[in-house]
*Asks:* 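Could you have a look at this structure, given as structure tokens, before my questions?
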Number of protein chains: 2
Amino acid sequence: MCVIISLTEENYLKAIYTLSHLFEESEVSTNQISDHLNNKAATVTDMLKRLAEKKLIHYIPYQGVKLTEKGRQTAIKVIRKHRLWEVFLVDKLQFKWDEVHEIAEQLEHINSDELIQRLDKFLGKPKFDPHGDPIPDANGQLNVVKAIPLNQHKIKGQFTFVGVCEHSKTFLQHLTSIGLKIGDVLKVEEINEFDNSFKVKINKNNSQFFSNKVASNILVEIKK
Amino acid sequence: MCVIISLTEENYLKAIYTLSHLFEESEVSTNQISDHLNNKAATVTDMLKRLAEKKLIHYIPYQGVKLTEKGRQTAIKVIRKHRLWEVFLVDKLQFKWDEVHEIAEQLEHINSDELIQRLDKFLGKPKFDPHGDPIPDANGQLNVVKAIPLNQHKIKGQFTFVGVCEHSKTFLQHLTSIGLKIGDVLKVEEINEFDNSFKVKINKNNSQFFSNKVASNILVEIKK
DNA sequence: CTTAAAATTTAGGCTAGTCTAAATTTTTGT
DNA sequence: ACAAAAATTTAGACTAGCCTAAATTTTAAG
Ligand SMILES: [Mn+2]
Ligand SMILES: [Mn+2]
Ligand SMILES: [Mn+2]
Ligand SMILES: [Mn+2]
């Protein structure tokens with residue numbers, strides 16, 4: 001009934017979940033997992049056999065894997081814990097948004113349903129983590145946000161900054177240094193044909209230039 | 001310089017620290033550790049060799065072990081984390097004092113100095129955990145509490161309940177069921193020669209009988 | 001359709017942490 | 001002081017997770 005899932009196995013399941021959504025394909029390949037986790041492909045194959053044994057993934061040799069319902073539930077729960085802990089670290093302990101990921105990578109493996117339920121309540125049942133990523137609910141339901149990178153909007157106008165694609169420390173610090181936070185209003189004033197850079201006003205401040213690389217990692221919704 | 005210490009190694013160091021204080025002897029034996037951790041003695045011997053290799057313990061085969069300064073610092077830090085997390089679980093998440101130990105056993109291995117420093121501040125730099133155990137400070141200093149079990153006081157009079165010897169769920173639940181909490185005032189009204197049981201008034205309530213077994217696990221200070 | 005390249009799996013090996021059984025050392029009782 | 005008992009260590013084995021090198025399968029290119 002209640003198979004024990006190790007910390008390592010949880011990380012593989014999370015990787016498979018993340019990759020399948022990243023590439024919008026149901027099947028994830030051995031090499032994709034190997035790249036993502038910085039393990040060798042042979043190591044991944046070993047683990048895939050174990051996960052299949054435990055009925056956490058569907059695995060056809062050479063054809064890639066996808067999560068079973070049980071595997072998906074496990075992955076979602078780890079992601080829920082990760083994001084709730086990130087909210088805790090930022091909202092309660094005043095960490096900056098670029099400092100919390102590594103600590104949450106550890107905390108996400110703490111095993112106690114009661115703990116998560118109480119933490120969720122303590123934090124006010126948040127719907128999003130500090131990076132704008134949606135937090136799955138206790139039943140494993142995840143509100144898919146259909147926000148689009150700023151650079152894919154080819155029109156001038158007003159947008160709300162709701163999340164990031166890139167989660168690296170340097171990128172998050174860069175956004176902080178230009179004074180950009182989740183929820184800010186972005187007014188696109190110019191789009192440069194030449195290098196696809198954007199001239200943007202943040203809230204009511206002075207305008208700045210966003211390179212296409214920056215614009216491609218900023219998720220926005222059209223302002224209502 | 002900075003040797004990595006595994007979760008398992010941390011648990012051995014904590015066990016050695018705890019046992020050496022429990023029996024008030026500097027040397028801890030292989031069998032004591034083996035009993036405490038529910039591992040076989042041969043397993044313990046293996047680990048002792050590894051800990052000695054890493055200069056975390058002084059180990060003389062057949063003669064027992066004691067912590068080096070580095071080993072002691074590591075153990076104290078784990079205990080500090082354990083007790084701070086217990087305070088968090090009780091004070092912030094409203095867990096009961098008999099529910100937190102297992103979760104803290106996991107949380108104590110989360111590795112981030114910044115996290116502990118901020119958690120400590122968030123909790124108001126508490127000096128004691130929910131069971132009355134002192135919390136080591138950030139420099140590894142531990143205020144040794146010289147509280148004595150109630151049954152060792154052979155006199156009637158007033159005492160303050162400051163901690164427990166026994167930490168089991170059942171014992172803690174028993175204390176809760178008789179309405180006893182840390183900080184309560186205990187007025188010993190009778191000591192029965194026959195079975196060494198105690199007639200005690202908690203705060204200003206009705207008197208109750210404490211068996212000697214209960215009295216031996218309740219740490220008290222003489223009321224000032 | 002055939003073959004070279006890429007992806008994946010298999011084979012064999014390593015470490016940490018556990019075990020059982022056997023050997024060794026220390027302690028204890030007379 | 002010495003034998004029996006208790007404590008401890010050694011020897012050998014196992015699993016989870018990792019690796020490299022070699023074999024196999026799939027994919028892509030001509
Ligand atoms: Mn994160
Ligand atoms: Mn996040
Ligand atoms: Mn505890
Ligand atoms: Mn405690």
Side-chain angles (χ1 to χ4, degrees), chain A residues 2-16 19-20 22-23 25-66 71 74-75 78 105-106 108-109 111, chain B residues 2-16 19-20 22-23 25-66 71 74-75 78 105-106 108-109 111:
Chain A
C2 185
V3 187
I4 288 156
I5 298 169
S6 74
L7 181 151
T8 311
E9 288 167 338
E10 285 190 346
N11 282 335
Y12 273 86
L13 294 175
K14 191 169 58 133
I16 294 166
L19 290 166
S20 73
L22 200 57
F23 298 107
E25 278 172 29
S26 70
E27 306 280 321
V28 176
S29 75
T30 302
N31 271 1
Q32 284 174 329
I33 300 169
S34 144
D35 282 0
H36 191 76
L37 296 177
N38 288 305
N39 279 338
K40 298 297 166 180
T43 304
V44 173
T45 302
D46 275 358
M47 180 57 88
L48 295 183
K49 284 190 254 178
R50 264 175 277 154
L51 293 174
E53 195 70 40
K54 289 189 175 184
K55 311 275 188 216
L56 294 163
I57 59 173
H58 298 291
Y59 171 48
I60 305 168
Y62 296 102
Q63 304 301 305
V65 295
K66 68 182 173 197
T74 306
V78 174
E105 286 288 305
Q106 298 181 60
E108 73 188 5
H109 302 290
N111 184 359
Chain B
C2 185
V3 187
I4 288 157
I5 298 169
S6 73
L7 180 150
T8 311
E9 289 168 337
E10 285 190 344
N11 282 336
Y12 274 87
L13 294 175
K14 192 170 59 131
I16 295 166
L19 290 166
S20 72
L22 200 57
F23 299 107
E25 277 171 30
S26 68
E27 305 282 322
V28 175
S29 74
T30 302
N31 271 359
Q32 285 175 329
I33 300 169
S34 143
D35 282 0
H36 191 76
L37 296 178
N38 288 306
N39 278 337
K40 298 297 165 182
T43 306
V44 173
T45 301
D46 275 358
M47 180 56 88
L48 294 182
K49 284 190 255 180
R50 264 173 277 154
L51 293 174
E53 195 71 41
K54 289 189 174 182
K55 311 274 187 214
L56 294 163
I57 59 173
H58 299 290
Y59 171 48
I60 306 170
Y62 296 101
Q63 304 300 304
V65 295
K66 69 182 174 197
T74 307
V78 174
E105 286 289 305
Q106 297 181 60
E108 72 188 5
H109 301 291
N111 185 359

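Protein chains get the first letters and strands the later ones, always in sequence-line order, with residue 1 at the start of each.
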*Asks:* Please name the pair of heavy atoms, one in S26(A) and one in S20(A), separated by the smallest distance, quoted to 0.1 Å.
*Replies:*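 For S26(A) and S20(A), the tightest heavy-atom pair comes out as O-CB, 4.3 Å.
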*Asks:* Minimum heavy-atom separation for S34(A) and A41(A), please, with both atom names.
*Replies:*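 Shortest heavy-atom contact: OG-N, 3.7 Å.
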*Asks:* Is a side-chain donor or acceptor of Q32(A) paired with a backbone partner of S29(A) at a separation under 3.5 angstrom?
*Replies:* yes
*Asks:* Under 4.5 Å between any side-chain heavy atoms of R50(B) and D46(B), yes or no?
*Replies:*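 They are in side-chain contact.
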*Asks:* Counting heavy atoms not belonging to E53(A), are there more than 12 under 6.0 Å from its CD?
*Replies:*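 No, CD of E53(A) has 12 or fewer neighbouring heavy atoms, counting only those of other groups under 6.0 Å.
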*Asks:* Starting at atom NZ of K40(B), determine the distance to atom C1' of dT20(C), rounded to an integer number of angstrom.
*Replies:* 9 Å
*Asks:* For D46(B), report the nucleic acid contact type (base, sugar-phosphate, nothing); a contact means any heavy atom under 4.0 Å.
*Replies:*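 Since a base atom lies under 4.0 Å of D46(B), the category is base.
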*Asks:* What are the two closest non-hydrogen atoms of H109(A) and Q106(B), and how far apart are they?
*Replies:*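 That closest heavy-atom pairing would be O-OE1, 4.1 Å.
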*Asks:* Can you measure I4(B) atom CD1 to dT15(C) atom C1' for me and round it to whole angstrom units?
*Replies:* 14 Å
*Asks:* Among residues 51-62 of chain A, which ones have heavy-atom contacts with DNA chain C below 4.0 Å?
*Replies:* Y59(A), P61(A), Y62(A)
*Asks:* Using a heavy-atom cut-off of 4.0 Å across all strands, would you classify T8(B) as base, sugar-phosphate, or nothing?
*Replies:*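 T8(B): backbone/sugar contact only, no base atoms under 4.0 Å.
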*Asks:* Looking at every strand, decide which applies to T30(A) at a 4.0 Å heavy-atom threshold: base, sugar-phosphate, or nothing.
*Replies:* sugar-phosphate
*Asks:* Tell me whether the OP1 or OP2 atom of dT18(C) has a side-chain N or O from Y12(B) closer than 4.0 Å.
*Replies:*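 Yes, within the criterion.
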*Asks:* Please determine whether a side-chain nitrogen of the Lys or Arg among K66(B) and E25(B) lies less than 4.0 Å from a carboxylate oxygen of the Asp or Glu.
*Replies:* no
*Asks:* For the residue pair Y12(A) and L37(A), establish whether any side-chain heavy-atom pair is separated by less than 4.5 Å.
*Replies:*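 Touching, per the 4.5 Å side-chain cut-off.
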*Asks:* Name the first nucleotide and the last nucleotide along DNA chain D (5' to 3') that come under 4.0 Å of a heavy atom in chain B.
*Replies:*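 Footprint of chain B along DNA chain D, 5' to 3': dA7(D) to dT10(D).
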*Asks:* Going by side-chain hydrogen bond (donor to acceptor under 3.5 Å, both in side chains), name the residues that satisfy it together with K54(B), two or more places apart in sequence or in a different chain.
*Replies:* E9(B)
*Asks:* From CG of L7(A) over to C1' of dA16(C), roughly how many Å is that when rounded to an integer?
*Replies:*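 In whole Å, dA16(C) C1' and L7(A) CG are 15 Å from each other.
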*Asks:* Could you state the atom-to-atom distance from CD of E9(B) to P of dA16(C) in whole Å?
*Replies:* 9 Å
*Asks:* For DNA chain C, whose closest nucleotide is more 5', that of A41(B) or that of M47(B)?
*Replies:*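 Nearer the 5' end of the strand: M47(B).
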